[in-house]
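Report on the structure given below.
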Amino acid sequence: MVCTVDHLASGAGLRMLSNGGNAVDAAIAASAALAVTTQHMCGMGGDLWAIVHEPGTSPAALNASGRAGSGSDAAAMRSEGLTMMPFRGDLRAVPVPGCVDGWTALHDRYGSLPLEELLAPAVELAELGFPASPMLGAISRLVGDVEGNDDYVVDGKPVANGQMVRRPGIARSLRAIVAGGRSGWYEGEFGAALIELGKGLYSSADLARSQADWVEPTSADAWGHRLWTVPPNSQGYLSLAGAVIADGLDLPEDPDDPLWAHLLIEAAKQAGFDRAGSLFEGADGQALVAESRLAARRAAIDPNVASSLRPPAAAGGTIYLCTTDRNRMGVSLIQSNAADFGAHIAVPGIGVFLHNRGIGFSLEQGHPAELAPGRRPPSTLAPALVTTTEGDLRSVLGTMGGDGQPQVVLQMMARMLQLGQSPGTNLSSPRFTLTQPDAVGFDTWSKPDQMTVAIEAGSGWASGLADRGHRVNETAYGLSLYGHAHAIEVVNNGDGTSHLAGVADPRALVGAAIGH
């Protein structure tokens with residue numbers, strides 16, 4: 001089964017499974033197709049993280065998030081009067097993209113089909129064209145004046161819903177990767193253009209160094225299962241910490257009860273109480289989800305009153321996909337530009353937009369996440385995976401949504417493991433996310449005492465949460481604020497066999513969960 005935000009990408013993944021490939025083959029093919037059709041959320045100019053479950057072994061985690069260029073200089077930026085990383089239009093917020101290194105690392109370790117075959121659907125989409133999705137048609141106007149946006153202009157106007165989009169530069173780049181592996185991208189046309197664009201920000205050594213590392217996953221037990229995510233510099237530990245805290249609370253059996261939402265909101269808040277000072281490359285993920293650390297946070301939760309966080313001093317454009325194969329290998333993969341078209345900077349001649357993941361860096365002198373050459377920024381990307389106590393795959397799941405990702409994943413885990421809901425009920429149910437007033441989706445933890453709880457209309461939670469002291473903002477169902485989540489579950493049939501149940505989030509409009 002393959003679940004993605006775009007039915008064209010889901011079809012590309014299914015094609016690999018039909019051809020005898022495994023779940024990793026399907027994930028690479030789907031990811032590459034999304035890099036073509038869904039540039040407004042992800043692409044080859046962004047980052048990638050993945051967790052892979054291979055039957056009989058512990059899950060493996062891949063960190064393919066890029067590092068800051070060797071010319072990065074926080075002191076120089078402070079001397080300009082900057083106190084935070086620029087959100088758009090500034091190349092200094094663009095670490096070396098890690099997505100392509102992620103593909104090649106996954107393929108080198110697990111791939112069973114040739115890379116040429118895995119990238120073929122993406123090449124076809126780029127060369128022959130694809131219809132712009134409703135979301136792409138609506139958002140392409142944001143980059144209408146960006147140099148190098150030629151792929152998204154038709155007759156002098158931003159591409160509209162349903163119009164055909166062709167991406168010849170991306171097709172050429174994909175073929176270069178097939179011919180030369182990672183060097184075909186990082187040391188070829190793209191790498192040369194990025195170095196020229198950076199004017200000293202990036203060096204040839206920066207691009208020669210792989211941005212992908214296999215790392216030890218972070219795991220924790222909750223609701224009778226083992227939960228897995230990728231370690232810092234990812235914020236994935238927040239999903240697990242929230243689950244550990246919530247598992248020790250008296251959650252109602254009715255998710256429509258405002259108390260259910262209140263306790264999960266409080267668990268999410270307590271899990272992230274010191275996020276700004278704890279999330280950085282090299283932080284100990286296992287220590288961050290330890291019961292000994294989280295017991296005090298659980299004890300601070302009052303079932304009747306919203307907490308007011310005063311943490312230690314501290315300074316969406318993403319897609320998620322998941323795949324499983326007949327052998328129950330599972331892949332939980334996320335790739336991202338950070339915000340819509342990223343930094344709103346396109347590489348001339350190729351048409352790939354560069355991410356702005358560098359917004360996660362701090363400019364505070366001495367901060368563990370301070371911008372520095374070769375350093376990775378804190379990342380919101382947080383794929384998840386669930387196994388049984390015997391180590392068998394139970395689920396691959398995740399979402400896009402900036403700072404809201406761990407909160408959405410926490411709700412998905414609670415609905416699946418605490419309530420036993422089916423994937424269809426789970427993913428179509430209302431959600432909450434923690435936000436800031438006038439937020440951009442990456443600043444939730446900047447002022448914890450001013451947090452607002454955004455809830456989808458129709459949840460029935462609003463008055464019960466307000467009565468407990470939460471600032472509540474009820475908004476329309478389906479806004480990207482609440483994520484585009486996907487999940488696949490392995491369902492035990494009770495006779496030694498199992499079947500797959502999966503859902504692509506209806507909020508994504510053109511997503512698809514399809515199986516073979």
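Heavy atoms only: backbone and side chains are in, while hydrogens, waters and symmetry mates are out. For clarity, every value in this text was computed on a predicted model and none was experimentally measured. Just so you know, residue 1 is the first one in the sequence shown, and it goes up from there.
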Original post:
Are Trp214 and Tyr110 near enough that their ring centres are under 6.0 Å apart?
Top reply: yes

Original post:
Quick one: does Gln39's side chain have a donor or acceptor within less than 3.5 Å of a partner on Cys42's backbone?
Top reply: yes

Subject >> Pairwise side-chain contact, Thr433 with Leu481, heavy-atom cut-off 4.5 Å (strictly under) >> reply: yes

Subject >> Donor on one side chain, acceptor on other, Ser379 and Asn233, under 3.5 Å >> reply: no

Original post:
What residues, two or more places apart in sequence or in another chain, satisfy salt bridge (charged side-chain N to carboxylate O under 4.0 Å, His left out) together with Arg293?
Top reply: Asp274

Original post:
Would a 4.5 Å heavy-atom cut-off, applied to side chains only, mark Tyr477 and Pro506 as touching?
Top reply: yes

Original post:
Under 4.5 Å between any side-chain heavy atoms of Ile455 and Val472, yes or no?
Top reply: yes

**OP:** Classify the side-chain pair Asn492/Ser498 by whether it contains a donor and acceptor separated by less than 3.5 Å.
**Re:** no

Subject >> 4.5 Å side-chain heavy-atom contact, Asn473 and Val453 >> reply: no

Subject >> Salt bridge Arg328-Glu54, side-chain N to carboxylate O under 4.0 Å >> reply: no

Original post:
Hey, are Arg415 and Thr425 close enough side-chain-wise for a donor-acceptor pair under 3.5 Å?
Top reply: no

Original post:
Less than 4.5 Å apart, any side-chain heavy atom of Arg357 and any of Ser65?
Top reply: no

**OP:** Could you pull out all residues at least two apart from His470 that satisfy ring pair (Phe, Tyr, Trp, His ring centres under 6.0 Å)?
**Re:** His262

Subject >> Arg376/Asp213 salt bridge by N-O under 4.0 Å criterion >> reply: yes

Original post:
Got a donor-acceptor contact below 3.5 angstrom from the Asn19 side chain to the Gly21 backbone?
Top reply: no

Original post:
Under 4.5 Å between any side-chain heavy atoms of Gln418 and Met413, yes or no?
Top reply: no

Original post:
Is any side-chain heavy atom of Val52 less than 4.5 Å from a side-chain heavy atom of Leu62?
Top reply: no

**OP:** Return yes if a side-chain donor-acceptor contact under 3.5 Å exists between Glu266 and Ser307, otherwise no.
**Re:** yes

**OP:** Answer with yes or no whether the side chains of Ser10 and Thr4 bring together a donor and an acceptor at under 3.5 Å.
**Re:** yes

Original post:
Taking C-beta and beyond as the side chain, do Glu291 and Val244 meet within less than 4.5 Å on heavy atoms?
Top reply: yes

**OP:** Decide, yes or no, whether a salt bridge links Asp302 with Arg468 under the criterion of side-chain N to carboxylate O below 4.0 Å.
**Re:** no

Original post:
Thinking salt bridges, do Glu281 and Arg375 make one under a 4.0 Å N-O criterion?
Top reply: no

Subject >> Contacts of Glu370 that satisfy salt bridge (charged side-chain N to carboxylate O under 4.0 Å, His left out) - sequence neighbours left out >> reply: Arg78

Subject >> Leu381 backbone acceptor or donor facing Ser234 side chain under 3.5 Å >> reply: yes

Subject >> Side chains of Gln235 and Arg275, donor plus acceptor under 3.5 Å >> reply: yes

Subject >> Donor-acceptor side-chain pairing of Arg226 and Ser219 below 3.5 angstrom >> reply: yes

Original post:
Are side-chain N/O atoms of Trp228 and Thr218 paired as donor and acceptor at under 3.5 Å?
Top reply: no

**OP:** Supply the atom-to-atom distance Arg394 CZ to Glu489 CD, rounded to the nearest 0.5 angstrom.
**Re:** 4.5 Å

**OP:** Answer yes or no: is there an ion pair linking Asp505 with Arg431, defined by an N-O contact shorter than 4.0 Å?
**Re:** yes

Original post:
Going by atom types only, do Ser278 and Tyr237 share a side-chain donor-acceptor pair under 3.5 Å?
Top reply: no

Original post:
Is there a donor in the side chain of Tyr320 and an acceptor in the side chain of Ser332, or the other way round, less than 3.5 Å apart?
Top reply: yes

**OP:** Please confirm whether the backbone N or O of Leu427 pairs with a side-chain atom of Arg507, one donor and one acceptor, at under 3.5 Å?
**Re:** yes

